[in-house]
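Each remark here refers to the structure printed beneath this line.
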Amino acid sequence: MPQPALKRGALIVFEGCDRTGKTTQCKRLVDKLKGAGLEAMFMNFPDRSTQCGQLINGYLMRKDDFTDEGIHLMFTLNRWEKMKEMEKHLNSGISLLIDRYSFSGVAFSAAKGLDIEWCKAPEAGLLKPDLVVLLTVDAETLAKRGGFGDERYEVAEFQNKVMKMYQLLKDEEYWKEVTASKPLDELTDELHGLVLNTIKHCKDKALQKLW
């Protein structure tokens, strides 16, 4: 008797300015999914464990410096380093909840003044998410959150520019904008509904590529 085709996992990306709660929500949602018997995994970019990721970490912590173009390409390479691993997990039925992805790379570099189409070009061919959740919080609230300002890009004026770039990248077909200023549990419940719906509807769909 033939085995039923394995249903693939969903690729779900959380984007937004720094300190909007992306990491917290991703981890809470993975725990919730696993608790319900669903296979899920948390990932984040930049992945600082790779050789390229260590260079990025030095830059973000203001220990090293690179040109805007150079660091943009490093962030992109960091995503390409993980693509085969991501594809393997998804095709084995594991849903991936990712804290930052290509859209962060483009938004942050374009906010620094680089051409947005140039920024998008090296991302072409990476896996396209089934859902992008854009978490929004006003810049003044962000500036009050713990740890804000520790890294290079955590400046309120710059974060406002980043959000404008996200709005240019937003695709209504697979993006959802969610206000992150609500109570933690309430936000998790809202996001959980979006995530479950996405997992349900992408099982039989082939993986797509950007852009």
Side-chain angles (χ1 to χ4, degrees), residues 4-48 79 82-83 85-107 126-139 141-142 144-148 159 162-163 165-167 169-210:
L6 184 67
K7 306 294 186 183
R8 77 163 174 90
L11 177 55
I12 299 169
V13 169
F14 287 77
E15 293 284 11
C17 292
D18 293 325
R19 310 291 171 181
T20 50
K22 297 179 301 302
T23 306
T24 299
Q25 290 299 332
C26 280
K27 290 180 176 179
R28 283 169 69 97
L29 289 163
V30 166
D31 288 344
K32 222 168 157 68
L33 292 171
K34 286 182 173 179
L38 296 170
E39 290 196 84
M41 181 184 297
F42 167 75
M43 292 181 73
N44 69 298
F45 288 105
D47 181 336
R48 304 186 197 213
R79 288 181 277 277
K82 306 297 286 187
M83 183 173 161
E85 180 186 331
M86 289 167 62
E87 207 163 9
K88 182 180 177 182
H89 288 318
L90 291 165
N91 286 326
S92 67
I94 300 170
S95 290
L96 300 180
L97 276 69
I98 300 184
D99 174 9
R100 294 206 179 286
Y101 194 54
S102 296
F103 314 100
S104 278
V106 174
L126 287 170
L127 295 173
K128 179 182 176 180
D130 298 293
L131 172 68
V132 176
V133 177
L134 179 62
L135 293 178
T136 60
V137 180
D138 65 87
T141 303
L142 285 180
K144 294 174 186 172
R145 294 199 167 179
F148 188 86
Q159 295 289 321
V162 170
M163 185 51 66
M165 295 302 164
Y166 276 131
Q167 296 300 334
L169 292 169
K170 193 162 74 169
D171 185 330
E172 300 295 343
E173 282 191 17
Y174 66 105
W175 284 55
K176 296 286 183 184
E177 190 169 327
V178 178
T179 303
S181 305
K182 55 196 73 173
L184 192 64
D185 290 341
E186 184 182 327
L187 179 57
T188 302
D189 288 343
E190 181 178 349
L191 296 174
H192 187 235
L194 289 173
V195 166
L196 284 178
N197 188 56
T198 302
I199 291 172
K200 177 183 175 183
H201 285 97
C202 77
K203 287 179 180 178
D204 299 308
K205 294 179 181 176
L207 286 167
Q208 302 293 313
K209 302 287 179 70
L210 289 173

What pairs meet the salt bridge (charged side-chain N to carboxylate O under 4.0 Å, His left out) rule with one or both residues in residues 31-46, with sequence neighbours excluded?
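Every pair satisfying salt bridge (charged side-chain N to carboxylate O under 4.0 Å, His left out) with a residue in residues 31-46: K32-D189.
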
Between T198 and D130, is there a side-chain donor-acceptor contact under 3.5 Å, judged purely by atom types and distance?
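Judged by distance alone, the side chains do not pair up.
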
Sub-4.5 Å side-chain heavy-atom contact between [X] and [Y]:
X	Y	value
F45	S104	no
L33	I199	yes
V133	V195	no
L126	M83	yes
L184	Q25	yes
E15	L169	no
R100	D18	yes
L134	Q167	yes

At their closest point, which heavy atom of V30 faces which heavy atom of A40, and how far apart are they?
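Closest pair (atom of V30, atom of A40, distance): CG1-O, 3.9 Å.
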
Looking only at heavy atoms, what is the nearest atom pair of S95 and A10, with distance?
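In terms of heavy atoms, the two residues are closest at OG-N, 3.0 Å.
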
Please report the interatomic distance [atom1]([X]) to [atom2]([Y]), rounded to the nearest 0.5 Å.
X	Y	atom1	atom2	result
L38	I94	CG	CD1	12.0 Å
K170	E177	NZ	CD	4.0 Å
L191	R28	CG	CZ	10.0 Å
I12	L194	CD1	CG	9.0 Å
H89	L11	NE2	CG	12.0 Å
M86	M41	CE	CE	11.0 Å

Evaluate the criterion side chain to side chain contact (heavy atoms under 4.5 Å, CB included) for residue pair T20 and T136; output intermediate values, then yes/no.
CA-CA 7 Å; T20 50; T136 60; over 6 Å; no

Decide if atom NZ of K27 counts as having more than 12 heavy atoms of other residues, nucleotides or ligands within a radius under 6.0 Å.
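12 or below, so no.
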
Using the rule given for side chain to side chain contact (heavy atoms under 4.5 Å, CB included), can you reason through F42 versus T23, listing the C-alpha separation, both sets of side-chain angles and the distance that settles it, and then say yes or no?
CA-CA 9 Å; F42 167 75; T23 306; 3.9 Å; yes

Backbone of C17 reached by a side-chain donor or acceptor of Y166 within 3.5 Å
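No, Y166 side chain to C17 backbone: no donor-acceptor pair under 3.5 Å.
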
Classify the ring geometry between W175 and F103 as parallel (under 30°), tilted (30 to 60°) or perpendicular (over 60°).
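Perpendicular.
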
Give the C-alpha distance, both sets of side-chain angles, the deciding distance and a yes or no for side chain to side chain contact (heavy atoms under 4.5 Å, CB included) between N197 and L131.
CA-CA 10 Å; N197 188 56; L131 172 68; over 6 Å; no

When you look at S102 and L210, which way does the side chain to side chain contact (heavy atoms under 4.5 Å, CB included) test go after all the steps?
CA-CA 9 Å; S102 296; L210 289 173; 3.6 Å; yes

